[in-house]
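Keep in mind that what you see is a predicted model, and the values were worked out from it rather than measured. Proteins get letters first, then strands, A, B, ... in listed order; numbering begins at 1 in each.
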Amino acid sequence: MKTLLKYDIQYFLKTPRLIIFLVLAFFLSALSAFTARYMNVILEYAMRQEGIEGITFPEPTTMDAYMQFFGNYQQIFVLVMVFIAVGMFTSDKTKNHYPFIFTHSIHRDHYVFSKLIVVSSIVAISVLLGALVFGLYTFLLFGSFDVVMFAAAVLVFMLFLLFLIVTVAMVSFSLKHYIGSVTIGVVLLFLLNGLTVVQYGVFVYFPHHLLNLSIHILEGSTDMTTILITLGVTMVFLLVLLVATIYLFRKKPLM
Amino acid sequence: MSLLKIENLDKFYGSFKALDGLTLEVKENEVYGFIGRNGAGKTTTLNAIMKFFDFDAGTIYFAGKPLDKDDIDFKEHIAFVPDVPSFPEYLKGRDVLSLTADFVGLDKENKKKAIQDVIEKSEIIHPNKKVGQYSRGMRQRLAIACALLKKPRLLIMDEPTSALDPMGRKELLELIRKLKDETTILYSTHILGDAQSVCDRIGLIERGRMVLEGDIKYVLNRKSTNQFVLECDKLAETYRLFKERAKFIKHIELFDTHLCFTLKESATQRDIYALLSTYGVDVNKLAKMSQSLEDVFVEVLDENAA
């Protein structure tokens, strides 16, 4: 397992993929804070240039910054994450590296776990670094930053990312090609985003609702019971997906 | 003692039967040539041994022990060199060997030396270059180096010379000869000359079935060719003599330095000597021509097709 982790970490360290994650996280975080702070100024300036006078936008608040942060991460970071994660899950198959690995007495479950651990860790590190940068810029630009609530919202968002990683892992380990896996991954992502509008019945506790939950936590418009049920349901989904991924990969011919 | 034994192995790809009750035995410390034409089932057999997929029926024994479905421990003793080795292109050759050493479980103290040893043995000229810059032949050498790092009891090679230039091929065959003393080798190839030059025993697979297996000498002599080469002083006269008097000869040809002839099935070597001594021909050399592995290959496949 240790060697598999080393092998998977090298996939990120010896290629530009880690840099992509870190730069993207830094860029999106800084951009979110700046956009939220100066969007009203930019819009007013643009309207004046067009000869529209008299419209003033309200002063932005830290809530605008939080919304901007999660919006950017949901739209851009998650998409990049799906592309890179699928690439990692399928690369050994598509590039015929299986004989190099499975010539040794390596358990298939360990192989799956190693990939999941490494991708999740790199994503977590990037998001946490991004959150730190965002917190710093927001505090500098707005003069305040709710560390506790933002941290809670980020943790919930990271759980959604983990759910998405395990979902695309299952798809990638089942299919043969990168293109097929990434297409299904992206379609799933859009589907999950679309499902966030479904706000009734048990659906409000399903993992896709974690995207809304992050914002609701920051707004203070949710209760602890809803949070705990959603987290619990997500954990069950995660467990089922993980078992399915391992089962499918155990059955998969390696050649 | 048999190190690897396969009994009645079946493998289907959909409705196509790739392996059809294949039985095979590799004995300890031998080089076993696994030959057959393209698509005969060689690579499928090797992949089945490595448990890269589940087979449909049959048993594989390693060191006398049947391998269970989920058994992976036996891989500690087997190294595999695929026909087209592929490694992560962002890694250097030395990094690949370092990872392999970790997979094998070499400790830090021995790792560096073991890597250097296999680099020298496999003649990897640029271990610090990225694998992406390696030629196919160099990748083949790297795969062999990885395999040697394991110090395996059984080394499985799937057509290892197919990507090599003549010099590389010669060197690899030389390496296999050297390794003969250290390990057992299961060597799959369709280059019959290579198999004939290094293998102790061979198995010929056709349509997923073993059609011929045995010691290389036995295989080459399994059917007497009844072809002889004769070298003597008076070649032209002897040629005429054979043409006129030797009723036991089916066919004869005269060459610059020797005669080549084929005996009728009922005839023996004694008939030749009797004739030659009767007419006082001084024989320099009389030898039976042996079959090449290629002859055997074609003959067996023809028999099998019939």
For A:Pro99 and B:Phe52, which heavy atoms make the closest approach, and how far apart are they?
-> CA-CZ, 3.9 Å

Whether over 12 other heavy atoms sit under 6.0 Å from A:Tyr247 OH = no

Other residues, nucleotides, ligands: >12 heavy atoms within 6.0 Å of A:Phe27 CZ = no

So, does B:Ser86 use its side chain to make a donor-acceptor pair with the main chain of A:Lys95 at under 3.5 Å?
-> yes

Donor-acceptor contact below 3.5 Å, side chain B:Lys75 vs main chain A:Ile106 = no

Gap separating the CD atom of B:Glu89 from the OG atom of A:Ser91, nearest 0.5 angstrom = 11.0 Å

Got a donor-acceptor contact below 3.5 angstrom from the A:His104 side chain to the B:Phe103 backbone?
-> no

Which distance, rounded to the nearest 0.5 Å, do you find between the NZ of B:Lys92 and the NZ of A:Lys14?
-> 6.0 Å

Salt bridge present between B:Asp54 and A:Lys251 (N-O < 4.0 angstrom) | no

Looking only at B:Ile156, B:Thr100, B:Val84, most heavy-atom pairs under 4.5 Å shared with chain A are made by B:Thr100

Taking atom CZ of B:Arg207 as the centre, does the number of heavy atoms from other residues, nucleotides or ligands within less than 6.0 Å exceed 12?
-> no

Below 4.5 Å from any heavy atom of chain A, which atoms of B:Pro82 appear? Answer side chain, backbone, both or neither.
-> side chain

Tell me, yes or no, whether the heavy-atom count around B:Arg37 atom CZ, taken from other residues, nucleotides or ligands under 6.0 Å, exceeds 12.
-> no

NZ/B:Lys180: more than 12 non-hydrogen atoms of other groups inside 6.0 Å = yes

Which answer fits A:Arg250, side chain, backbone, both or neither, if we ask what part of it has an atom under 4.5 Å from a heavy atom of chain B?
-> neither

Check whether any side-chain heavy atom of A:Leu13 sits under 4.5 Å from a side-chain heavy atom of B:Tyr90, and report yes or no.
-> no

If contact means a heavy atom pair closer than 4.5 Å, which residues of residues 2-12 of chain A contact chain B?
-> A:Thr3, A:Leu4, A:Lys6, A:Tyr7, A:Gln10, A:Tyr11

Taking everything shown except A:Arg108 itself, do over 12 heavy atoms lie less than 6.0 Å from its CZ?
-> yes

Checking B:Asp95 against chain A: side chain, backbone, both or neither under 4.5 Å from a heavy atom?
-> side chain

CE/A:Met1: more than 12 non-hydrogen atoms of other groups inside 6.0 Å = yes

Hey, is NZ on B:Lys151 packed in by over 12 heavy atoms from elsewhere, all under 6.0 Å?
-> no

Side chain, backbone, both or neither: which part of B:Val96 has a heavy atom under 4.5 Å from chain A?
-> both

Residue pair B:Lys150 / A:Thr103: nearest heavy atoms and the distance that separates them | NZ-O, 2.8 Å

